[in-house]
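What follows is a single structure, written as structure tokens, with notes after it.
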Amino acid sequence: MQYFETHAHVGLICDDPIEQLIVIQEARQASVTRLVSICNSLHDFVKIYDNLKSASNVFHAVGVSPSEVQNPGKDWAQIIEQSVQLPRVVAIGEIGLDYYRKFGDKKSQIELFITQLDMAAKLNLPVIIHNRDAGKDVLDILRDRLPPKGGVLHCYSEDAEYAKRALDLNLYFSFAGNLTYRNARNLHDTIGVLPLDRILIESESPFMVPADFRGKRNMPKYLPLTARFLADMLEIGDEELSAALWENSNRFFGLPTE
């Protein structure tokens, strides 16, 4: 079995470049053989990309998250367009809306989100979408602006009814360690309405640690725990689920399965 980690903030797990490579190696030892590195800012992307460029099983997303809306950086759009030419850059993200933290104002967040959706369409890449307390606006915008390569609602946090509406679009649904929490009824109900070929998993490390490790810093190596919980929910074997998730993840990011 092998697992595809679709969303890990490696740079937030640890600062030291050697320790970051150890995180990747420990994940590989736990059968997490591919990983997408996520950064919130372009400054962090440049630093982490350089740190991990020797790890051939690590892929990258580049984008400006809503947390950076007030300071995306000089020439940020040009930097994204240049960065997608680098090896193993496979998506624009994470991008989206976050009304919980109130980063900047809603209008500025929406403008940043739409600009990057349009960039992804131009660059022929999928998008990794952050949504916190902004579900209606996210879905309304995606109905008009989702790029042809589609997107993933990462660390899914809405309910089953929202998922049913989102299924009309070219969207995948990614679940993190909070799927394993007993009180995550909205996520458990959502799994029941999704086709298997639209599901991904992620660690969202260092956040959203699976229930077995509550209180600890999350790591990509814990991803199989979320997979096993999901397999039990779906009443299928671990190997069957692993194969399906592997296929889904590679299809979404446009990568070969081998």
Side-chain angles (χ1 to χ4, degrees), residues 1-14 17 19-65 79-96 116 119-120 123-130 147-155 171-176 199-206 218-224 226-227 242-258:
M1 289 189 296
Q2 56 186 346
Y3 297 98
F4 195 131
E5 157 72 281
T6 64
H7 197 108
H9 293 270
V10 180
L12 297 181
I13 297 172
C14 47
E19 290 184 10
Q20 290 172 5
L21 289 170
I22 291 172
V23 166
I24 303 303
Q25 181 59 29
E26 289 179 343
R28 188 191 286 271
Q29 291 169 352
S31 299
V32 181
T33 54
R34 283 184 177 172
L35 179 151
V36 175
S37 169
I38 306 291
C39 297
N40 290 329
S41 73
L42 297 181
H43 173 268
D44 288 345
F45 167 80
V46 171
K47 183 171 64 174
I48 300 303
Y49 185 91
D50 188 60
N51 288 351
L52 301 180
K53 63 185 178 183
S54 65
S56 62
N57 65 319
V58 175
F59 300 86
H60 300 266
V62 60
V64 180
S65 80
I79 292 171
I80 290 176
E81 293 201 2
Q82 292 171 345
S83 297
V84 300
Q85 306 303 320
L86 294 168
R88 301 196 304 279
V89 175
V90 294
I92 301 296
E94 61 182 279
I95 63 175
Q116 292 183 95
M119 289 178 68
L123 297 166
N124 201 31
L125 288 172
V127 289
I128 298 169
I129 301 158
H130 174 102
K149 290 292 186 180
V152 56
L153 298 172
H154 108 84
C155 195
L171 289 171
Y172 288 73
F173 303 77
S174 182
F175 295 88
I199 296 174
L200 308 179
I201 59 170
E202 63 180 270
S203 70
E204 173 69 325
S205 52
N218 198 10
M219 306 281 276
K221 66 182 178 181
Y222 299 150
L223 188 69
T226 301
S242 170
L245 294 174
W246 183 258
E247 177 71 26
N248 296 349
S249 303
N250 286 297
R251 183 191 321 118
F252 175 69
F253 288 113
L255 297 171
T257 55
E258 298 296 333

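Worth saying up front: this structure is predicted, and the values here are computed from it rather than measured.
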Can you name the side-chain hydrogen bond (donor to acceptor under 3.5 Å, both in side chains) partners of [X], sequence neighbours left out?
X     : value
Gln2  : Thr33
Ser31 : none
Ser65 : Ser67

Any side-chain heavy atom of [X] within less than 4.5 Å of one from [Y]?
X      : Y      : value
Met219 : Val23  : yes
Val152 : Phe173 : no
Leu35  : Val10  : yes
Val90  : Leu125 : no
Leu52  : Leu21  : yes
Gln116 : Val64  : yes
Gln20  : Ile13  : no

Residues in ring-ring contact (aromatic ring centres under 6.0 Å, His included) with [X], at least two apart?
X     : answer
Phe59 : none
His60 : Tyr49
Tyr3  : none

Nearest heavy-atom pair of [X] and [Y]: which atoms, and what distance?
X     : Y      : value
Ala61 : Val36  : N-CG1, 4.2 Å
Ala27 : Pro220 : CB-CB, 3.9 Å
Ser83 : Val62  : CB-CG2, 3.9 Å
Ser37 : Val58  : CB-CG1, 4.1 Å
Ile95 : Gly63  : CG2-CA, 4.5 Å

Can you tell me how far the [atom1] atom of [X] sits from the [atom2] atom of [Y], to the nearest 0.5 Å?
X      : Y     : atom1 : atom2 : result
His43  : Ile48 : NE2   : CD1   : 10.0 Å
Ile128 : Thr6  : CD1   : OG1   : 7.5 Å
Ile38  : Leu12 : CD1   : CG    : 11.0 Å

Do any pairs count as a salt bridge (charged side-chain N to carboxylate O under 4.0 Å, His left out) and have a residue in [range], sequence neighbours left out, and if so which ones?
range          : value
residues 38-55 : Asp50-Lys53
residues 80-89 : Glu81-Lys122
residues 20-43 : Glu26-Lys221

Can you check side chain to side chain contact (heavy atoms under 4.5 Å, CB included) on Ile92 and Ile80, steps first, answer last? CA-CA 8 Å; Ile92 301 296; Ile80 290 176; 3.8 Å; yes

Please set out all donor-acceptor pairs under 3.5 angstrom arising from side-chain atoms of residues 199-206, sequence neighbours excluded.
residue: Glu202; atom: OE1; partner: His154; partner atom: ND1; Å: 2.9
residue: Glu202; atom: OE2; partner: His154; partner atom: ND1; Å: 3.4
residue: Glu202; atom: OE2; partner: Cys155; partner atom: N; Å: 2.7
residue: Glu202; atom: OE2; partner: Ser174; partner atom: OG; Å: 2.7
residue: Ser203; atom: OG; partner: Glu5; partner atom: OE2; Å: 2.4
residue: Ser203; atom: OG; partner: Ser205; partner atom: N; Å: 2.9
residue: Ser203; atom: OG; partner: Ser205; partner atom: OG; Å: 2.8
residue: Glu204; atom: OE1; partner: His7; partner atom: NE2; Å: 3.3
residue: Glu204; atom: OE1; partner: His9; partner atom: NE2; Å: 3.3

Scan the side chains in residues 251-258 for donor-acceptor partners under 3.5 Å anywhere in the protein, sequence neighbours excluded, and list what turns up.
residue: Arg251; atom: NH1; partner: Tyr172; partner atom: OH; Å: 3.0
residue: Arg251; atom: NH1; partner: Asp197; partner atom: O; Å: 3.3
residue: Arg251; atom: NH2; partner: Asn248; partner atom: OD1; Å: 3.2

Short side-chain to backbone donor-acceptor contact, Glu94 and Asn40, under 3.5 Å: no

For Ile24 and Val32, run side chain to side chain contact (heavy atoms under 4.5 Å, CB included): C-alpha distance rounded to whole Å, both residues' side-chain angles, the deciding distance at 0.1 Å, then the answer. CA-CA 9 Å; Ile24 303 303; Val32 181; over 6 Å; no

